[in-house]
Structure formats: C-alpha cells, structure tokens
Amino acid sequence: MEVEKEFTINFDQRHLPIKKFRKIHLAYDKLEYVADVNLRREAEQVLLNYIALGNIAIADEMIHNTHMAEGFSFVTGKMSQNPIQQARYSIVSAITLFCRTAIDNGLPEYLAYSISDSYILYLNTFDDVEEISFLFLKAFRDYVQAMQDWKLRDCKPLLRLCQEYIMKTLHTKITLEDLSKCCHLTPNYVSDLFQKELGIRPTLYIRKEKLKYARFLLANTKNSISEIAALLAFPSSSAFTNYFRKTYGLTPTQFRNTGNY
C-alpha cells in the first residue's frame, strides 16, 4: 500500500544543484537535437521526454549545454497583454504537461499532483517575469528528480549507489570493477546484490539502461546510429543494433523510422 508523503519545495533558493560530469559533457557536445527551439510542439516534446527518461544527471547536462539555466520556457501563444500574467499562464501550462507526462510514465498521481499543486499554489507570490521563468526550470528538474527517485525507491542504499553511478556514466564503458569501487564492495558481492535485488546481473542491467537512453537519443536527436553506439560506449554499431533489436524487436533505424516514440 502506498503511503502519501508531504512534498515540500524551497522556492526561496535560487541556486540549482546542477552537477557537471566530464564524460557526459563531452558526449553532449556531439548531440544534435531534432527539435528547433522555435517549433513549439517539438521543443515541448524533447523536454517531456527528459522527464519520461528520469535521469537527473543527463537532464542537468542538457540544462547547462542549452543555457536553460539562464531563462527558458515553452514557446506559447499570446494569452495576456500583461507580461506577468503571460508568464504565469505559461508556467501553469508547462507544469500541467510535466505532471501528465510523469504520471503517464509511472509516477504515482499523488506525487505528481503534489509537485504541481505546490508550484501553482505559490505562483501568485512571484511578481517578476525572471523569477517565474526560473520556476519553469525548477519544476522541470523536480519532475525529473521525482521520476528517478521513484524508479529507485525500493533499492537498498548500496544498490542505489551503484544505479545512480550507472545513470551518471552511461557514456562510458562501465565495468563490474567500477561498480565495486563506487560502493566499496567486492565485484562478486556487487554481482550477487544485483541478482538478489533486481533479478539481473550488473552487465545486463547496464546494457538495459544504455538501451533506454539510446531510445531517447534516437527519438530526440539527429545523430547517426554509429554515433549513438559510440556515444554510449557499445563495442560496435553492429553490437548496438543487435542488442537493440533483441530488446525492442526493431533495429535502431526501424525504431527511428516508425516515429512511434
């Protein structure tokens, strides 16, 4: 039975804990997004896909590289002549989409709506367009973080440490030895921990997480199959294609061509 927990947000803190990871940074320099920031629906969908992915390290790197932290919001129509009211309408629209996307991707309604309600409740206390725009960014991050936390909710601390390490280093070749160093356990213990708690060995878990991110990249970037394979440190393009087909029933090219993301 799920137990509701109170969700609190610190609206007074302007600083966002955006952490940079060198490997992710180098990888992001190579990404070319499908969406034109001036195309409303495409720009929206890319951000919503980040929430569905639920990886805060990757989302933070996107924020840094696209300069979202300097002020960003959905491209919206003219809803008010008053700039403050226009900004408020925009953030409500965005939060509504964030909330629905989170729910559609597994976040319990009580958590998704508690985030939404908290933001909308305090929205009228802000009377500066820049501050309201900052709320957009903060709400985006809170939903991504909530998605990640929910996915890892039942994990024991040591296992969660390994999983978070994997999520931060998807662009590298992750070994069992890397995980053992991360949580200060022997490789055999880590392997048994994954098998006992998740029913899967670390190697297969790592591959599964890389393939999830590969789906995201296929849907949201123009990068070639070989570029994505190299970006995620697969042994080769053919190995990536084989793993992807076995997991999803389609080759990466077929998946991209379907457009059913």
Side-chain angles (χ1 to χ4, degrees), residues 23-24 27-28 30-35 41-59 61-62 97-98 100-108 143-144 146-155 159 162-176 178-179 191 194-195 197-261:
K23 292 292 186 179
I24 297 180
Y28 257 85
K30 303 175 182 177
L31 294 184
E32 182 182 0
Y33 284 95
V34 171
R41 179 55 182 159
E42 290 184 8
E44 287 179 0
Q45 194 58 54
V46 169
L47 289 182
L48 297 180
N49 287 343
Y50 271 100
I51 291 175
L53 185 64
N55 185 317
I56 195 64
I58 291 174
E61 193 58 36
M62 182 276 291
L97 290 173
F98 293 165
R100 290 175 180 173
T101 298
I103 292 172
D104 288 345
N105 286 276
L107 191 68
Y143 273 107
V144 176
M147 289 293 295
Q148 176 172 309
D149 289 344
W150 181 254
K151 288 191 297 184
L152 305 182
R153 67 192 181 280
D154 295 327
C155 301
L159 181 59
C162 290
Q163 290 173 294
E164 289 176 341
Y165 175 84
I166 292 168
M167 296 176 82
K168 295 173 184 176
T169 55
L170 287 173
H171 301 94
T172 69
K173 181 179 179 181
I174 309 168
T175 66
L176 186 56
D178 293 329
L179 297 181
S191 183
F194 270 80
Q195 184 65 45
E197 298 296 327
L198 302 177
I200 188 172
R201 291 297 178 185
T203 302
L204 295 179
Y205 180 86
I206 292 166
R207 183 187 303 165
K208 183 180 72 171
E209 291 301 305
K210 284 177 178 281
L211 290 172
K212 285 181 184 177
Y213 188 35
R215 278 170 56 104
F216 172 89
L217 294 174
L218 288 167
N220 295 284
T221 74
K222 298 178 182 178
N223 294 75
S224 67
I225 306 304
S226 60
E227 287 173 333
I228 292 174
L231 189 73
L232 296 179
F234 280 97
S236 65
S237 295
S238 59
F240 166 56
T241 296
N242 288 334
Y243 291 142
F244 194 95
R245 183 176 57 241
K246 289 179 180 179
T247 302
Y248 298 115
L250 297 170
T251 67
T253 300
Q254 290 170 337
F255 173 78
R256 174 173 270 172
N257 291 339
T258 64
N260 297 321
Y261 309 135

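Scope of the values below: all heavy atoms of this structure, side chains included, with no hydrogens, waters or symmetry mates. Positions are given from 1 along the sequence.
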Undergrad: Using only atom types and a distance under 3.5 Å, with no angle test, would you say the side chain of R207 pairs donor to acceptor with the backbone of L204?
TA: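 No: the side chain of R207 does not pair with the backbone of L204.
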Undergrad: Can you tell me which residue among I228, L232, N55 is in a side-chain contact (heavy atoms from CB on, under 4.5 Å) with Y213?
TA: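 Filter result, single survivor: L232.
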Undergrad: Would you name the heavy atoms of M167 and K151 that are closest together and state the gap between them?
TA: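 In this case the closest contact between M167 and K151 is CE-NZ, 4.0 Å.
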Undergrad: Minimum heavy-atom separation for M147 to G54, with atom names?
TA: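 That closest heavy-atom pairing would be CB-CA, 3.8 Å.
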Undergrad: Grab the two heavy atoms, one from K210 and one from F234, that are nearest each other, plus how far apart they are.
TA: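 Closest pair (atom of K210, atom of F234, distance): CB-CZ, 3.8 Å.
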Undergrad: Applying side chain to side chain contact (heavy atoms under 4.5 Å, CB included), name anything that partners Q254, two or more places apart in sequence or on another chain.
TA: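 Expected list: L250, T251.
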Undergrad: Could you check if a side-chain atom of T203 sits within less than 4.5 angstrom of a side-chain atom of L176, using non-hydrogen atoms only?
TA: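 No; the side chains remain at least 4.5 Å from each other.
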Undergrad: Can you name the residues that form a salt bridge (Lys or Arg N to Asp or Glu O under 4.0 Å) with E227, not counting sequence neighbours?
TA: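 For E227, no residue satisfies salt bridge (Lys or Arg N to Asp or Glu O under 4.0 Å) once neighbours in sequence are set aside.
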Undergrad: Given the rule in the side chain to side chain contact (heavy atoms under 4.5 Å, CB included) test, do L217 and L231 qualify, once you have shown the distances and angles that lead to the verdict?
TA: CA-CA 10 Å; L217 294 174; L231 189 73; 3.5 Å; yes
Undergrad: Of all heavy-atom pairs between R256 and I225, which one has the smallest distance, and what is that distance?
TA: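 Here R256 and I225 meet closest at NH1-CD1, 4.4 Å.
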Undergrad: Taking the side chain as C-beta and beyond, is there a heavy-atom pair between Y248 and L211 under 4.5 Å?
TA: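 With C-beta onward as the side chain, the pair touches.
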Undergrad: Holding to salt bridge (Lys or Arg N to Asp or Glu O under 4.0 Å), I want the full list of residues that pass it with R245, two or more places apart in sequence or in another chain.
TA: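 R245 satisfies salt bridge (Lys or Arg N to Asp or Glu O under 4.0 Å) with no residue once adjacent residues are dropped.
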Undergrad: Output, in order, the C-alpha distance, side-chain angles, deciding distance and verdict of ring pair (Phe, Tyr, Trp, His ring centres under 6.0 Å) for Y143 and Y50.
TA: CA-CA 10 Å; Y143 273 107; Y50 271 100; over 10 Å; no
Undergrad: Can you list the steps and then say if R100 with L48 is a side chain to side chain contact (heavy atoms under 4.5 Å, CB included)?
TA: CA-CA 9 Å; R100 290 175 180 173; L48 297 180; over 6 Å; no
Undergrad: Check step by step if side chain to side chain contact (heavy atoms under 4.5 Å, CB included) holds for D178 and T169.
TA: CA-CA 10 Å; D178 293 329; T169 55; over 6 Å; no
Undergrad: Quick one: does C162's side chain get under 4.5 Å of Y205's, heavy atoms only?
TA: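 They are not in contact (no side-chain heavy atoms under 4.5 Å apart), so the answer is no.
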Undergrad: Which atoms form the tightest heavy-atom contact between P252 and F244, and what is the distance?
TA: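 In this case the closest contact between P252 and F244 is N-CD2, 3.7 Å.
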Undergrad: Would you mind reporting whether L179 and I166 have side-chain heavy atoms less than 4.5 Å apart?
TA: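 The answer is yes; the side chains approach within 4.5 Å.
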Undergrad: How long is the span from the CD atom in E164 to the CG atom in L159, to the nearest 0.5 Å?
TA: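 Atom-to-atom, E164:CD and L159:CG are 10.0 Å apart.
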Undergrad: Below 3.5 Å, can you tabulate the donor-acceptor pairs from side chains in residues 101-108 to any protein atom, sequence neighbours excluded?
TA:
unit_1, atom_1, unit_2, atom_2, d
T101, OG1, L97, O, 2.9
N105, ND2, T101, O, 2.8

Undergrad: Go through the structure and list residues passing side chain to side chain donor-acceptor pair (under 3.5 Å) with K212, not counting sequence neighbours.
TA: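 K212 satisfies side chain to side chain donor-acceptor pair (under 3.5 Å) with E209 once adjacent residues are dropped.
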Undergrad: Can you name the residues that form a side chain to side chain contact (heavy atoms under 4.5 Å, CB included) with S236, not counting sequence neighbours?
TA: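 In terms of side chain to side chain contact (heavy atoms under 4.5 Å, CB included), with neighbours along the sequence ignored, S236 is linked to S238, A239.
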Undergrad: In Å, rounded to the nearest 0.5 Å, how long is the span from CD of Q163 to CG of L152?
TA: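 If I round to the nearest 0.5 Å, the distance is 5.0 Å.
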Undergrad: Which atoms form the tightest heavy-atom contact between K168 and A57, and what is the distance?
TA: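 Closest approach of K168 to A57, heavy atoms only: CG-CB, 3.8 Å.
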